[in-house]
Amino acid sequence: MTELKQPARVRFAPSPTGHMHLGSARTALYNYLIARQTGGTFILRIEDTDTKRYIPEAEDELIKGIKWLGLDYDEGPGKGGQYGPYRQSERKDIYTKFAEQLVESGHAYYCFCSPEHLAKVREVQQANKESLHYDGTCREIPVEDARKRIAAGERYVIRFKMPKTGSITVHDHLRGDITVENKVLDDSVLVKSDGWALYHLAAMVDDYLMKITHVIRGSEWLPSLPLHMHIIRAFGWPEPTFIHLSVFLKPSGKGKMSKRETADAMKDGHSIFVKDLEELGYVPEGVVNWTALMGWSYDDHTEFFSLQDLVEKFSIDHLNPSPAAINFTKLDYFNALHIRNFSDEDLANRVKPFLEAAGYKTSIDKLIILAPILKERLPTLDDVVDMAGFFFKNDISYPAEDLIAKGLEKTQCRQILTQILEILNGIGDIKKDIAEEPMRELVEKSGFSAGQVFGIMRVAVTGQKVSPPLFESMEVIGKDIVLNRIQQAIKLLD
RNA sequence: GCCCCCAUUGUCUAGCGGCCUAGGACGUGGCCCUCUCAAGGCCAAAACACGGGUUCGAGUCCCGUUGGGGGCACCA
């Protein structure tokens with residue numbers, strides 16, 4: 001704890017090509033945590049160099065998502081910062097400059113191969129069961145010749161000139177040293193024929209220029225770490241600490257979530273997309289706690305963490321490199337745990353939009369009163385609609401048979417209701433401490449079980465077989481409406 | 001086909017050579033509490049993939065096998 005830490009400059013660098021999912025959320029979280037923990041800087045960088053896959057709404061969703069999670073960034077789109085711009089689409093010239101520098105220093109070359117040629121090469125390699133790689137056609141074209149062809153209008157890309165021999169050792173903070181033979185590495189394209197840099201170049205350039213100290217990203221990047229390190233070393237830049245996070249697997253642990261499985265999860269009220277999670281009634285505290293623990297742990301028993309706890313306790317030294325299967329039931333658990341932890345006011349405010357979306361007219365005051373009896377019963381905020389909707393309706397409706405308690409006849413139930421009505425009518429107030437005692441006496445006299453009597457009463461008053469505690473509920477509903485509903489129930493049994 | 005990574009109960013994980021007859025949590029089963037549903041309490045079943053080494057001693061280190069995952073684009 002007394003360990004001195006240098007302020008980290010870290011970045012979350014998503015591409016705006018789709019919905020923000022759990023994997024991204026965790027990557028963003030971990031980046032945020034070490035930034036805050038070290039008094040460093042959390043940067044948002046949009047990697048939008050692929051104009052073909054660009055989705056205009058995606059950037060907004062991304063920003064909304066990380067803000068919802070509570071991860072505010074220090075530098076990035078909409079925030080500025082001295083290392084901007086923070087959208088790669090606004091940095092094209094920078095990449096071109098560095099790419100040319102690589103050509104100049106002999107670490108890269110111009111390539112004029114057509115896509116058709118490349119496809120054919122791949123096809124042949126595939127047929128021969130060889131590894132797939134560029135065939136090197138343009139590798140040895142003298143730079144002066146290449147420049148002439150470019151001047152003459154030929155289309156070209158810039159490729160990295162990967163050494164043919166030797167090996168490179170890279171370091172991943174979770175896995176240690178990884179050594180690969182250069183000959184299995186490819187002459188990857190750095191700049192496309194449309195002039196846009198590819199990830200491999202753009203990200204390395206930006207990380208350097210933005211003075212990134214720790215690169216925390218998904219493990220799908222691990223195979224290209226050797227290439228990235230070659231690029232970094234070709235420039236002679238300092239090497240950031242690389243941390244490749246394991247991927248999330250589908251609940252069965254067999255592979256990633258497919259489109260189909262994602263849709264099926266949604267039917268169950270679960271999703272891997274941040275925006276869905278919000279709509280489904282998950283709270284950021286729960287999502288953060290849950291995702292933080294998929295791949296990281298504090299000790300052998302502590303599991304409840306607020307964002308602030310995580311800022312204090314997170315450590316990149318306790319990361320787990322193995323892939324983790326998503327466990328939605330555990331998300332439900334963490335979500336419920338955090339909901340229970342909310343103050344009454346907080347819960348009231350968070351639950352209100354869900355009731356309103358369901359068409360109920362609500363008031364914060366009433367919700368604050370309700371909060372204590374609701375808290376324990378809400379796996380998600382959305383559950384408030386089923387659990388507490390009856391507090392906000394004028395007319396409740398339910399099938400008459402719900403009024404007939406197990407083991408009782410219709411007439412017996414009707415009689416009980418009549419007695420309940422009498423008792424409630426006779427007392428001044430239906431507050432719990434006033435109403436409960438006479439009701440218990442009724443149970444005693446009737447010879448039926450508390451479960452039977454209160455069950456009938458519950459349906460009559462709430463219209464539901466499942467509800468928050470009866471007497472507390474009646475108190476909130478108010479005497480007039482309670483009596484009225486019981487009368488309705490009696491009529492229903494006629 | 002080639003390359004890389006990973007490997008403790010169903011799932012998330014603790015474990016960094018002796019504190020392990022392997023700990024916690026979710027889930028599951030049972031009991032208690034109880035006006036329903038929850039919440040809470042108690043209890044139970046459930047794991048070191050396999051085979052070789054190294055060591056006085058291995059879940060922990062090394063090698064192999066198997067299994068799983070990821071990557072091999074003018075995507076990120």
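Naming: A, B, ... by sequence-line order, numbering from 1 per chain.
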* Measure the distance from CG on A:Asp172 to C1' on B:C4 and round it to the nearest whole Å. => 11 Å

* For A:Asn320 and B:A14, is the shortest distance between a side-chain N/O and OP1 or OP2 below 4.0 Å? -> yes

* At under 4.0 Å between heavy atoms, what does A:Pro226 touch on the DNA or RNA strands: base, sugar-phosphate, or nothing? -> nothing

* Watson-Crick or G-U wobble partner for B:G29, using a 3.5 Å limit on both distances? -> B:C43

* Structure fact -> One should read off an interatomic distance between A:Cys111 SG and A:Arg159 CZ, to the nearest 0.5 angstrom, of 4.5 Å

* Mapping A:Arg458 and A:Val180 to their closest nucleotides on RNA chain B, which lands nearer the 5' end? -> A:Val180

* Name the closest nucleotide to the A:Ala450 side chain, picking from B:C35, B:U13, B:U36. => B:C35

* Asked: Which comes earlier along RNA chain B counting from the 5' end, the contact point of A:Leu319 or that of A:Leu185, where each point is its nearest nucleotide?
  -> A:Leu185

* Do the non-hydrogen side-chain atoms of A:Tyr282 and A:Pro379 ever get within less than 4.5 Å of each other? -> no

* **Separation of atom NE2 in A:His301 from atom P in B:U13, rounded to whole Å** => 18 Å

* Given atom CG of A:Leu331 and atom P of B:C26, what is their separation to the nearest angstrom? -> 14 Å

* A:Asp264 with A:Arg260: basic N within carboxylate O range, under 4.0 Å -> yes

* Asked: Would you say A:Glu239 has more than 12 foreign heavy atoms packed within less than 6.0 Å of its CD?
  -> yes

* Rounded distance in Å - CD (A:Glu303) to P (B:U13) -> 11 Å

* **A:Gln464 versus A:Ser467, side-chain donor and acceptor atoms under 3.5 Å** => no

* Base paired to B:C2 (Watson-Crick or G-U; both N/O distances under 3.5 angstrom) -> B:G71

* On a whole-Å scale, what distance lies between the C1' atoms belonging to B:A25 and B:U21? -> 22 Å

* With a 4.5 Å heavy-atom cut-off, do A:Asp206 and A:Tyr95 have their side chains touching? -> yes

* Spell out protein contact along nucleotides 69-76 of chain B as letters: B when the base is contacted, S when just the sugar-phosphate is, - when no protein heavy atom is under 4.0 Å; keep the 5' to 3' order. => SBSSSBBB

* Within the structure shown, what part of the strands sits under 4.0 Å from A:Arg217 by heavy-atom distance: base, sugar-phosphate, or nothing? -> nothing

* **C1' spacing across the pair B:U54 / B:U60, given as an integer number of angstrom** => 13 Å

* **Euclidean distance for P, B:U13 against B:A7 (whole angstrom)** => 11 Å

* Asked: Does a distance-only test, which skips hydrogens and angles, find a donor-acceptor pair under 3.5 Å between the side chain of A:Lys375 and the base of B:A39?
  -> no

* To do: Look at all strands and tell whether A:Leu470 reaches a base, only sugar-phosphate, or nothing, counting heavy atoms closer than 4.0 Å.
  => base

* Structure fact -> Applying the 3.5 Å cut-off to both distances, the Watson-Crick or G-U partner of B:U55 turns out to be none

* For nucleotides B:U55 and B:C62, find the distance between their P atoms and express it as a whole number of Å. => 16 Å

* To do: Mark yes or no: A:Lys330 above the aromatic ring of A:Trp290, with NZ or CZ under 6.0 Å from the six-membered ring centre and no more than 45 degrees from the axis.
  => no

* Separation of the P atoms in B:U36 and B:A46, to the nearest angstrom -> 33 Å

* Asked: Considering only the C1' atoms, how many Å lie between B:G29 and B:C3, rounded to the nearest integer?
  -> 46 Å

* A:Gln464 CD - B:A38 C1' separation (whole Å) -> 14 Å

* Asked: Can you tell me how far C1' in B:U9 sits from the matching atom in B:C5, rounded to whole Å?
  -> 24 Å

* Asked: Within this structure, what is the CD-to-C1' distance between A:Glu436 and B:U36, rounded to whole angstrom?
  -> 14 Å

* Go ahead and name the base partner of B:C20; Watson-Crick or wobble counts if both distances stay under 3.5 Å, otherwise write none. => none

* **Between A:Thr380 and A:Asn335, a side-chain donor and acceptor under 3.5 Å** => no

* To do: Compute the ring centroids of A:Phe454 and A:Phe471, then answer whether they are less than 6.0 Å apart.
  => yes

* To do: Could you check whether A:Gly218 gets within reach of a base, just the sugar-phosphate, or nothing at all, counting any heavy atom under 4.0 Å?
  => nothing

* Indicate, with yes or no, if the rings of A:Tyr199 and A:His228 have centres closer together than 6.0 Å. => yes

* To do: Side chain of A:Thr329 only, please: which of B:C37, B:G24, B:G27 is the nearest?
  => B:G27

* Nearest listed nucleotide, side chain of A:Leu222, among B:U36, B:C5, B:C26 -> B:C5

* **Length of the line joining A:Phe471:CZ and B:U36:C1', which is rounded to integer Å** => 12 Å

* Under a 3.5 Å cut-off for both distances, is B:U60 Watson-Crick or wobble paired, and to whom? -> none

* Distance below 4.0 Å between A:Arg340 side-chain N/O and B:G40 OP1 or OP2 -> yes

* Which one, B:A14, B:C5, B:U36, comes nearest to the side chain of A:Arg377? -> B:U36

* Asked: Taking atom P in both B:A45 and B:A22, what distance in whole Å separates the two?
  -> 11 Å

* Euclidean distance, atom CZ of residue A:Phe305 to atom P of B:A25 [Å, nearest integer] -> 14 Å

* To do: Could you please name the option among B:U13, B:C5, B:U36 that lies closest to any side-chain atom of A:Ile178?
  => B:C5

